[in-house]
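Let me begin by handing over the structure; questions about it come next.
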Amino acid sequence: MFAKERAKIKINFRPLVVVFLSLMFGIVSARKLYSGDGVYIALTAIVLVATTAYCIVKKKYVPILLVVIFCFGGHGLYFASLSHFMGKEYSDATISARVCEVDCNDDYTYLRLEKMVADGDKVSGAIIYIRGAEEGDFSVGDSIVCTGDLEHIKLFEIGKFNSTYYRNKVAYQMHADISTFTIVKGNPHLDESARAKIKEILLENMSEKTAGVAYAVLTGGKDEIDSEVNDVYRSAGIVHLITVSGLHITFLSGLIAWILKKLRVNRFVNFSIITIILLLYSYICGFAPSVVRATIMGICFNLSLVFGREYDGLNSLSVAGILTLLISPLTAYDVGFQMSYACVGTIMLITRPMAELFRKFLPRSVAGTLAVSVAAQIGVLPFLASFFSTFNLLSVFANLLIIPFFGVLFPLLVVLMLVALIIPPIAPILKVGEWGFTAIEYVARFFAGTNAKINLIPFDAIVTTLIFAATVTISYYVLTNARMKWIIVAAITLMMGTYMMIRPNLYSDRASVGIYENHASTSLVLKTESGEVLVVGFDENNTKYYLSAIGESKVDYVISPVDYLRDYYGAKVILDSEGFAGSIKYSIDNGIYTFEFDGHKILFTNLSKSGYNCSRIEQVLSSDKYDFVYAKNYDATGAYFLANSLSGGDYSLSSGSFNFNLANKRVRSID
């Protein structure tokens with residue numbers, strides 16, 4: 001009887017947590033669920049069955065009610081939000097708008113527009129690529145009138161969500177010539193002026209490289225950061241320092257609270273001042289998801305102090321998430337949003353039990369800091385695997401060294417920047433901040449240069465869910481004895497290992513052709529029955545996402561028209577115009593690629609319509625019968641066609657990235 005009692009499992013039920021998780025799951029799963037994705041169908045079934053079983057055993061039916069209501073409510077929010085980016089397109093439209101972002105390079109000038117009207121209709125914002133413009137022609141705050149064709153942008157591309165477009169309400173893109181523009185000079189908004197002034201002061205008083213880092217740390221804007229420095233921070237596992245988040249808000253709140261305490265301000269005035277400053281800072285940072293989350297949690301924490309109530313971190317995290325998703329539902333797809341909430345949630349769940357474990361062989365202060373760092377790394381691990389591919393095993397120690405130093409540097413940088421804004425002649429004191437960031441970079445380069453990095457296999461939704469299920473089990477929110485917790489975690493680990501072993505066979509398409517597109521290029525992926533993978537049109541990031549979508553983690557051969565080829569995933573680079581890549585016979589003739597493998601014949605060209613040698617394509621097509629032809633804007637018959645604007649053939653697809661199984665002639669979207 002006693003043993004039975006000890007083996008009981010109780011869960012510290014939090015309605016707000018269930019509402020947040022159900023709402024987020026509903027939004028994220030809607031896109032895949034209704035397209036017949038097996039992973040999300042299985043995951044939805046597991047969630048509903050597990051919740052129902054728990055409710056029946058405990059005779060508590062509120063959890064399943066909340067899960068169903070907010071999960072399906074999330075589906076509705078997803079489709080309602082997506083509809084704003086699926087309005088009509090405009091041809092030769094007259095467009096008026098306000099310029100809110102300008103970027104120039106050697107090829108074109110890039111504008112981001114807001115408050116846009118197209119042929120008298122109020123529409124969402126757009127990005128415009130302008131030929132013939134010179135630096136200085138456009139400024140933030142200007143009003144413009146022009147003519148051109150507005151085309152929809154894609155929020156989802158090769159499984160990736162373009163959070164920048166969504167956050168900035170960009171639904172269209174356009175290419176235009178400067179000759180079609182009428183420009184009326186205007187003034188920037190307060191937040192735009194603040195960011196511009198901060199950037200100007202940093203560039204005047206720091207080196208360009210360090211100024212880019214400092215600007216990212218203060219505002220979250222990464223446009224000015226050197227790509228090589230960004231890679232160093234990422235490789236060392238400290239990229240979160242240059243993404244304004246809870247760490248920054250905590251240090252900022254601590255600085256303000258310390259000053260107000262010295263001034264002996266009462267708690268109500270204290271709360272009001274801190275809240276106003278945090279909201280103003282969020283405004284300057286563009287209300288990025290991680291900043292909004294940290295700000296709401298900070299306000300909740302200060303409210304608990306005002307009213308003398310115990311602060312509940314999980315509930316405040318859930319409140320922040322619910323408010324964010326109700327206002328901006330598709331933020332649920334934002335990687336920054338997911339990583340921020342997963343990281344903070346995991347810290348709240350397992351820091352205490354891990355600290356107790358570490359205290360058995362480490363001093364109390366070191367154990368607590370190490371526990372926070374390890375918990376944070378566990379929280380972001382699924383996202384590192386899915387979006388960044390590598391993980392530095394020493395990143396925990398890099399954070400142990402750098403974060404305490406950053407805890408002094410960031411408040412100091414804020415104070416120095418305020419002084420520089422108020423008293424411009426003493427702005428050179430920002431050099432002190434530059435020395436600090438230089439020190440961080442040296443440490444980051446040391447850790448980034450080690451051989452402790454491992455390549456990660458991308459995790460899908462089921463693996464990610466199992467990881468967080470194990471995390472919750474370890475926490476003090478699941479009330480049972482240690483033995484039972486270990487049994488549950490072992491069972492979850494076994495399930496996860498088994499699933500990852502059989503997953504390639506469940507979701508992998510042998511003998512398949514894949515196309516993945518973005519705004520700049522189209523690439524081809526061939527996969528043989530034996531599992532060989534060949535890529536045409538090398539693109540490191542897009543290839544990684546595509547392989548994840550088809551359940552692969554390697555590339556055997558790469559054929560690309562560019563000169564700066566390099567090995568990728570250990571792939572062999574093919575430079576000859578014809579021959580064999582493993583078992584794949586290939587031929588390249590003026591941008592027309594033909595392949596033979598496993599009894600299938602493939603023709604592919606990613607040339608634009610103006611670049612076609614139509615007579616040559618017709619000659620190639622007439623010489624043989626092909627199982628698959630991909631040729632944009634080229635009409636032909638007698639094969640399986642999946643291509644843009646292609647009316648002929650046995651099958652057509654308007655646009656996007658997809659995988660085509662040569663055996664069963666089945667197509668599935670990768671977008």
Side-chain angles (χ1 to χ4, degrees), residues 100-102 139-141 185-225 241-288 290-292 294-295 298-299 302 405-441:
C100 55
E101 187 179 343
V102 182
S139 301
V140 172
K185 291 297 179 181
N187 297 313
H189 293 155
L190 175 61
D191 62 320
E192 295 165 341
S193 297
R195 289 193 293 269
K197 189 63 178 177
I198 291 170
K199 184 188 297 185
E200 178 187 335
I201 291 174
L202 290 171
L203 288 171
E204 287 176 353
N205 297 281
M206 292 181 172
S207 67
E208 185 176 352
K209 184 172 71 172
T210 308
V213 175
Y215 181 72
V217 165
L218 287 171
T219 69
K222 296 185 180 180
D223 295 340
E224 302 299 321
I225 196 166
L241 297 186
I242 52 177
T243 303
V244 178
S245 61
L247 186 69
H248 303 69
I249 297 294
T250 299
F251 291 146
L252 179 61
S253 299
L255 173 65
I256 302 166
W258 179 79
I259 294 171
L260 294 176
K261 184 178 180 180
K262 292 297 181 182
L263 296 174
R264 298 183 182 278
V265 173
N266 73 59
R267 59 185 179 179
F268 295 102
V269 176
N270 185 309
F271 169 76
S272 300
I273 292 174
I274 292 178
T275 298
I276 291 170
I277 292 175
L278 291 183
L279 290 174
L280 179 61
Y281 186 58
S282 297
Y283 171 64
I284 291 173
C285 293
F287 293 110
S290 58
V291 183
V292 171
T295 298
I299 292 171
N302 285 294
F405 179 72
F406 185 77
V408 176
L409 179 61
F410 177 72
L412 177 63
L413 182 64
V414 171
V415 172
L416 294 178
M417 177 54 67
L418 288 173
V419 171
L421 287 168
I422 297 168
I423 315 173
I426 63 173
I429 60 172
L430 283 165
K431 279 289 182 184
V432 176
E434 179 163 23
W435 299 335
F437 284 113
T438 301
I440 288 177
E441 185 180 334

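Residue indices begin at 1 and follow the sequence shown.
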Practice prompt. State the NZ-CZ distance between Lys209 and Phe437, to the nearest 0.5 angstrom.
Written response: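 One gets 13.0 Å once the value is rounded to the nearest 0.5 Å.
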Worksheet item: Is any side-chain heavy atom of Leu430 less than 4.5 Å from a side-chain heavy atom of Leu413?
Response: yes
Item to complete: Go through the structure and list residues passing salt bridge (Lys or Arg N to Asp or Glu O under 4.0 Å) with Glu434, not counting sequence neighbours.
Response: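 Salt bridge (Lys or Arg N to Asp or Glu O under 4.0 Å) check on Glu434 returns Lys431.
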Worksheet item: For the residue pair Phe251 and Phe410, does the interplanar ring angle fall in the parallel (under 30°), tilted (30 to 60°) or perpendicular (over 60°) class?
Response: tilted
Worksheet item: Side chains of Ile225 and Tyr215: does their closest heavy-atom pair fall under 4.5 Å?
Response: no
Item to complete: Verify side chain to side chain contact (heavy atoms under 4.5 Å, CB included) between Leu241 and Val213, making sure each step is shown before the conclusion.
Response: CA-CA 9 Å; Leu241 297 186; Val213 175; over 6 Å; no
Discussion item. Tell me which pairs pass salt bridge (Lys or Arg N to Asp or Glu O under 4.0 Å) where either residue lies in residues 197-208, with sequence neighbours left out.
Written reply: Lys197-Glu200, Lys199-Glu224
Discussion item. Minimum heavy-atom separation for Ala216 and Lys222, please, with both atom names.
Written reply: CB-CG, 4.4 Å
Worksheet item: Is Asn270 close to Lys261 at the side-chain level, that is, under 4.5 Å between some pair of heavy atoms?
Response: no
Fill in: Heavy-atom side-chain contact between Ile284 and Leu218 under 4.5 Å
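Side-chain contact under 4.5 Å: no.
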Practice prompt. Output the distance between atom OG (Ser253) and atom CG (Leu278), rounded to the nearest 0.5 Å.
Written response: 4.0 Å
Discussion item. Could you measure the distance from the CG atom of Leu409 to the CG atom of Leu416? Nearest 0.5 Å is fine.
Written reply: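 It is 9.0 Å, given to the nearest 0.5 Å.
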Discussion item. If I take atom CD1 from residue Ile277 and atom CG from residue Leu260, how far apart are they, to the nearest 0.5 angstrom?
Written reply: 7.0 Å
Fill in: salt bridge (Lys or Arg N to Asp or Glu O under 4.0 Å) partners for Lys262, two or more places apart
none
Discussion item. Measuring from atom CG of Leu203 to atom CD1 of Ile198, what distance do you get when rounded to the nearest 0.5 angstrom?
Written reply: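 If we round to the nearest 0.5 Å, Leu203:CG and Ile198:CD1 are 12.0 Å apart.
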Worksheet item: How far apart are the closest heavy atoms of Ala211 and Leu202, and which atoms are they?
Response: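 Residues Ala211 and Leu202, closest heavy atoms: CB-O, 3.6 Å.
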Worksheet entry | Closest contact, heavy atoms only, Ser282 versus Thr295 | OG-OG1, 2.6 Å
Item to complete: Check whether any side-chain N or O of Ser290 sits under 3.5 Å from a backbone N or O of Val244 as a donor-acceptor pair, and report yes or no.
Response: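 Present.
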Discussion item. Testing the basics here: between Tyr281 and Val217, what is the closest heavy-atom pair and its distance to 0.1 Å?
Written reply: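 Shortest heavy-atom contact: OH-O, 3.8 Å.
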Worksheet item: Ile273 and side chain to side chain contact (heavy atoms under 4.5 Å, CB included): which partner among Val269, Ile276, Thr275?
Response: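 Filter result, single survivor: Val269.
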Fill in: Minimum-distance pair of heavy atoms, taken over all atoms of Asn302 and Gly298
ND2-O, 2.8 Å
Fill in: Straight-line distance of Thr243 OG1 to His248 NE2, nearest 0.5 Å
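Rounded to the nearest 0.5 Å, the OG1-NE2 separation comes to 7.5 Å.
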Item to complete: Provide the closest heavy-atom pair for Gly286 versus Arg195 in the form atom of the first, atom of the second, distance.
Response: N-NH1, 4.1 Å
Worksheet item: Are Leu255 and Val415 side-chain neighbours, meaning at least one heavy-atom pair lies under 4.5 Å?
Response: yes
